[in-house]
Asks: 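Can you keep this structure in mind? I'll have questions shortly.
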Amino acid sequence: MEAVKKVILFWFSGTGNSKLIASWFSELAVQKGIDCQTYDIDKTDVHLLAAIPDDTLIGFISPVHGFNFPQKALNFIRHFPKSRNRFFLMNTRGAARIGKWVTPGLTGIAFFVSSFWLIRKGYTIVGWIPFDMPSNWISIHPALGKRSSTFIRDKMNLKVKKHAVKIFSGGTDFLACRDLVQDILIFPVSLAYYLGGRFFFAKSFYASPACNLCGLCIRECPVQAIRKIDGWPYWTFKCESCMRCMNSCPQKAIETAHGLLAFLGIISAILTGLIYAFFIRNIQSGWLKFILFNVVFIILLVIFYRIQHILFKNKFIAKLISYTSLTHYKFWGRFYETSSQKP
């Protein structure tokens, strides 16, 4: 077992969790005299990558979105050049703190899909390592406090040190296999998110009246999913819900349309019931009903999201819409970042 001499880490990050893990790994590599380079997937053209020497260990790290890597990371790995290098995969999963315990997340199919593509290209897998970092998904839950976020990161820093030793020594580390059963069982959820769920969340963001049109969200979006329409930020279906825009907005102006989503959920359920009652009542299938509901919901979401965007021209209506969002209120908070995460 020959120790590693060269490492290249490719990372994708929305709010900084994966970036921080990559930074810790890089620092440990340098301390051990290992030549280590890191590349931001967001700013790296995979088609222009130079040939990587065969003795270089390659690592990929990305957050998990819907129990899979986000489309940006998946596309990068899928188009990665063929080679015979060894590689390892890492991910960051949303975690919370309960006392002195960090709640574990699930990786889902993220490692399976990426490993399949890389192995087909000639690579040899040596590791699957998950890390449970502070959850940034404040569309779903209130933000974690500074103390909880710092506690979780400190725990993961120790975990990085432990597992980096195995990887840098030339060994293998398949920590994620402990969650193999759960990750396989979660496959239907991951598939549903990939086929429809991610589009649902893409249309859940809007800029409230607090927006000062600084354009930071548009410039910083890693997938160029935000553009101006009628002079106001507008989220397209390219959005991957990485939460960078919401958690980095200086004005805390970006919010989640909880009111709109709840309203459309009710309307979609009513319309789905009517369609079943009058057109396909002879087919009793739970999956068909689920698919039909989601199709109706997405169609309505596209229509009403555009209507909502137009209504934001009226300041009074815009404020009323903003009041229906949980992210509008101070108690909900924003994702806490350490200074080492910021550009």
Asks: Taking ring pair (Phe, Tyr, Trp, His ring centres under 6.0 Å) as the cut-off, I'd like each qualifying pair that reaches into residues 36-65, sequence neighbours left out, listed once.
Replies: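 Pairs touching residues 36-65 that pass the test: Phe10-Tyr39, Phe10-Phe60, His47-His79, Phe60-Phe80.
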
Asks: Tell me whether Ser148 contacts the main-chain N or O of Gly145 through its side chain, where contact means a donor paired with an acceptor under 3.5 Å.
Replies: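 No: the side chain of Ser148 does not pair with the backbone of Gly145.
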
Asks: NZ of Lys82 to CZ of Arg120: how many Å apart, nearest 0.5 Å?
Replies: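 Lys82 atom NZ to Arg120 atom CZ measures 8.5 Å (nearest 0.5 Å).
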
Asks: Are Ser139 and Thr256 close enough that a side-chain donor and a side-chain acceptor fall under 3.5 Å?
Replies: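 Checked: Ser139/Thr256 side chains pair up, N/O donor to acceptor below 3.5 Å.
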
Asks: Are Leu28 and Leu158 linked, directly or through intermediate hydrophobic residues, by side-chain heavy-atom contacts shorter than 4.5 Å (ILVMFWY only)?
Replies: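 No, Leu158 and Leu28 fall in different hydrophobic clusters.
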
Asks: Should Asn17 and Arg153 be marked as a side chain to side chain contact (heavy atoms under 4.5 Å, CB included) after you check the CA-CA gap, both sets of side-chain angles, and the distance that decides it?
Replies: CA-CA 9 Å; Asn17 281 336; Arg153 290 193 180 99; 3.9 Å; yes

Asks: Please tell me whether Val181 and Ile184 are part of a single hydrophobic cluster in this structure, the criterion being side-chain heavy atoms less than 4.5 Å apart.
Replies: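 Cluster IDs for Val181 and Ile184 differ.
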
Asks: Kindly work out whether a path of hydrophobic side-chain contacts (I/L/V/M/F/W/Y, heavy atoms less than 4.5 Å apart) joins Val64 to Leu191.
Replies: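 Different clusters.
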
Asks: Determine, step by step, whether Trp101 and Ile98 satisfy the side chain to side chain contact (heavy atoms under 4.5 Å, CB included) criterion, reporting the C-alpha distance in whole Å, the side-chain angles of both residues, the deciding distance to 0.1 Å, and the verdict.
Replies: CA-CA 5 Å; Trp101 185 55; Ile98 301 179; 4.1 Å; yes

Asks: Hey, are Asn91 and Thr107 close enough side-chain-wise for a donor-acceptor pair under 3.5 Å?
Replies: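 Present: a donor and an acceptor within the cut-off.
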
Asks: A side-chain contact here means heavy atoms from C-beta on lying under 4.5 Å apart; do Ile218 and Arg227 qualify?
Replies: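 In short, these two side chains do not touch, never coming nearer than 4.5 Å.
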
Asks: Only one of Trp117, Trp128, Phe67, Phe187 forms a ring-ring contact (aromatic ring centres under 6.0 Å, His included) with Phe112, so which one is it?
Replies: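 For Phe112, the ring-ring contact (aromatic ring centres under 6.0 Å, His included) check succeeds only for Trp128.
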
Asks: Keeping the roles fixed (side chain from Asn85, backbone from Pro53), state whether a donor-acceptor pair exists under 3.5 Å.
Replies: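 A pair under 3.5 Å: yes.
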
Asks: Give a yes/no verdict on a cation-pi contact between Lys203 and Phe237, requiring under 6.0 Å between NZ or CZ and the six-membered ring centre and an angle within 45° of the axis.
Replies: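 Pair Lys203/Phe237 counts as cation-pi.
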
Asks: Show the numbers, then the answer: is there a salt bridge (Lys or Arg N to Asp or Glu O under 4.0 Å) between Asp230 and Arg306?
Replies: CA-CA 11 Å; Asp230 299 331; Arg306 184 71 178 103; 3.3 Å; yes

Asks: Below 4.5 Å, heavy atoms only, C-beta onward: do Gln308 and Ile321 meet side chain to side chain?
Replies: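 Yes, at least one pair of side-chain atoms sits under 4.5 Å.
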
Asks: Which heavy-atom pair separates Ala22 from Ile61 by the least distance, and what is that distance?
Replies: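 Result for this residue pair: CB-CG2, 4.1 Å.
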
Asks: Counting only heavy atoms from other residues, nucleotides and ligands, does the tally under 6.0 Å from CZ of Phe316 exceed 12?
Replies: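 No.
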
Asks: Ignoring hydrogens, what is the shortest heavy-atom contact between Ala73 and Phe12? Give both atom names and the distance.
Replies: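 Closest pair (atom of Ala73, atom of Phe12, distance): CB-CB, 4.4 Å.
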
Asks: Can you confirm whether more than 12 heavy atoms, excluding those of Lys121, are under 6.0 Å from its NZ atom?
Replies: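 Correct, the count exceeds 12.
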
Asks: Give, for atom CG of Leu144 and atom CG of Asn136, the distance between the pair rounded to the nearest 0.5 Å.
Replies: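 That separation rounds to 9.5 Å.
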
Asks: Answer yes or no: is there a donor N or O on one side and an acceptor on the other, between the side chain of Lys159 and the main chain of Pro130, under 3.5 Å?
Replies: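 Yes.
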
Asks: Ignoring hydrogens and angles, tell me if any N or O in the side chain of Thr92 forms a donor-acceptor pair with the backbone of Phe131 under 3.5 Å.
Replies: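 Not at all, since once roles are kept as given, no pair shorter than 3.5 Å links the two residues.
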
Asks: Work out which heavy atom in Met90 is nearest to a heavy atom in Phe69; give both atom names and the distance.
Replies: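 Distance-wise, the nearest heavy atoms are O-CZ, 3.6 Å.
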
Asks: Are the side chain of Lys238 and the backbone N or O of Val223 linked by a donor-acceptor pair below 3.5 Å?
Replies: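 Yes: the side chain of Lys238 pairs with the backbone of Val223.
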
Asks: Counting distance only, does the side-chain N/O of Ser208 pair as donor-acceptor with the main-chain N or O of Ala253 below 3.5 Å?
Replies: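 Yes, because the side chain of Ser208 sits within donor-acceptor range (under 3.5 Å) of the backbone of Ala253.
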
Asks: Please check if the side chain of Tyr194 supplies one atom and the backbone of Val189 the other of a donor-acceptor pair under 3.5 Å.
Replies: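 It does not hold such a pair.
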
Asks: At what distance, to the nearest 0.5 angstrom, does CG of Leu106 lie from CD of Gln182?
Replies: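 Result: 6.5 Å between the selected atoms.
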
Asks: List the atom of His258, the atom of Leu326, and the distance in Å for their closest heavy-atom pair.
Replies: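 Taking every non-hydrogen atom into account, ND1-N, 3.0 Å.
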
Asks: Measuring from atom SG of Cys217 to atom CD of Gln251, what distance do you get when rounded to the nearest 0.5 angstrom?
Replies: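 If I round to the nearest 0.5 Å, the distance is 11.5 Å.
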
Asks: Quick one: does Phe87's side chain get under 4.5 Å of Val126's, heavy atoms only?
Replies: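 Side-chain contact under 4.5 Å: no.
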
Asks: Taking the side chain from Thr56 and the backbone from Ile52, do they hold a donor-acceptor pair closer than 3.5 Å?
Replies: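 No; judged by distance alone, with no hydrogens or angles, the pair does not exist.
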
Asks: Within the supplied structure, the quantity of interest is the number of heavy atoms (other residues, nucleotides, ligands) at a distance under 6.0 Å from Lys5 NZ; does it exceed 12?
Replies: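 Atom NZ in Lys5 is not crowded, with 12 or fewer foreign heavy atoms closer than 6.0 Å.
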
Asks: Any non-hydrogen side-chain atom of Asp54 less than 4.5 Å from a side-chain atom of Ser83?
Replies: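 Yes, side chains in contact.
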
Asks: Hey, can you tell me if Phe263 and Phe304 have their rings parallel, tilted or perpendicular (30° and 60° cut-offs)?
Replies: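 Plane angle over 60°, so perpendicular.
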
Asks: Looking at side-chain heavy atoms only, is the closest gap between Leu213 and Pro233 below 4.5 Å?
Replies: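 SC-SC contact between Leu213 and Pro233 confirmed.
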
Asks: Under the salt bridge (Lys or Arg N to Asp or Glu O under 4.0 Å) rule, what do Arg93 and Asp132 come out as? Steps first, then yes or no, please.
Replies: CA-CA 5 Å; Arg93 316 179 298 191; Asp132 299 302; 2.8 Å; yes

Asks: Checking side-chain polar atoms at under 3.5 Å, does Glu255 have a donor or acceptor matched by the opposite partner on Tyr206?
Replies: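 Glu255 vs Tyr206: donor-acceptor pair found between side chains.
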
Asks: According to a 4.5 Å side-chain heavy-atom criterion applied to Ile, Leu, Val, Met, Phe, Trp and Tyr, with indirect links allowed, do Ile186 and Leu89 form part of one hydrophobic cluster?
Replies: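 Cluster IDs for Ile186 and Leu89 differ.
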
Asks: Below 4.0 angstrom, N of the basic side chain to O of the carboxylate: do Asp173 and Lys162 qualify?
Replies: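 The answer is no: the pair does not qualify as a salt bridge.
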
Asks: Does Asp183 have any side chain to side chain donor-acceptor pair (under 3.5 Å) partners at least two apart in sequence or in another chain, and if so, which?
Replies: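 If we apply the side chain to side chain donor-acceptor pair (under 3.5 Å) test to Asp183, skipping adjacent residues, there are no hits.
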
Asks: Give the cluster check for Leu274 versus Val296: same hydrophobic cluster or not, with ILVMFWY residues linked at side-chain heavy-atom distances below 4.5 Å.
Replies: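 Yes; Val296 is reachable from Leu274 via cluster members.
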
Asks: Are the side chains of Cys242 and Pro222 in touch, meaning some heavy atoms are under 4.5 Å apart?
Replies: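 The answer is yes; the side chains approach within 4.5 Å.
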
Asks: Can you tell me how far OG of Ser204 sits from CG of Leu261, rounded to the nearest 0.5 angstrom?
Replies: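 Output value for this atom pair is 6.0 Å.
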
Asks: At their closest point, which heavy atom of Ser241 faces which heavy atom of Phe201, and how far apart are they?
Replies: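 Scanning both residues completely, I find the closest heavy atoms to be OG-CB, 3.1 Å.
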
Asks: How about Ile275 and Leu292: do any of their side-chain heavy atoms sit closer than 4.5 Å?
Replies: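 Yes; the side chains approach each other to less than 4.5 Å.
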
Asks: Can you check side chain to side chain contact (heavy atoms under 4.5 Å, CB included) on Cys245 and Ile226, steps first, answer last?
Replies: CA-CA 9 Å; Cys245 57; Ile226 311 169; 4.0 Å; yes

Asks: Give the minimum heavy-atom separation between Ile152 and Ala96, together with the two atoms involved.
Replies: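 Where Ile152 meets Ala96 most closely, the heavy atoms are CD1-C, 3.7 Å.
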
Asks: First locate atom CD1 of Ile125, then atom OH of Tyr123, and finally report the distance between them rounded to the nearest 0.5 Å.
Replies: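 One finds 13.5 Å between CD1 of Ile125 and OH of Tyr123.
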
Asks: Evaluate side chain to side chain contact (heavy atoms under 4.5 Å, CB included) for Leu9 paired with Phe88, printing each intermediate quantity in order.
Replies: CA-CA 9 Å; Leu9 289 174; Phe88 64 100; 3.5 Å; yes

Asks: If you draw the axis of the six-membered ring of Phe76, does the NZ or CZ of Arg78 fall within 45° of it and under 6.0 Å from the ring centre?
Replies: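 Relative to the ring axis of Phe76, which defines the angle, Arg78 lies outside at least one limit.
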
Asks: Heavy-atom distance under 4.5 Å between the side chains of Tyr276 and Lys289, does that happen here?
Replies: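 Yes, at least one pair of side-chain atoms sits under 4.5 Å.
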
Asks: Between Glu240 and Lys72, is there a donor-acceptor pair closer than 3.5 Å when you use the side chain of the first and the backbone of the second?
Replies: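 Yes: the side chain of Glu240 pairs with the backbone of Lys72.
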
Asks: If we ignore hydrogens and angles and just use 3.5 Å, is the side chain of Trp332 paired with the main-chain N or O of His141 as donor and acceptor?
Replies: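 Present.
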
Asks: Would you kindly check if the NZ (Lys) or CZ (Arg) of Arg97 is within the cone defined by 45 degrees around the ring axis of Phe151 and under 6.0 Å from the six-membered ring centre?
Replies: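 Relative to the ring axis of Phe151, which defines the angle, Arg97 lies inside both limits.
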
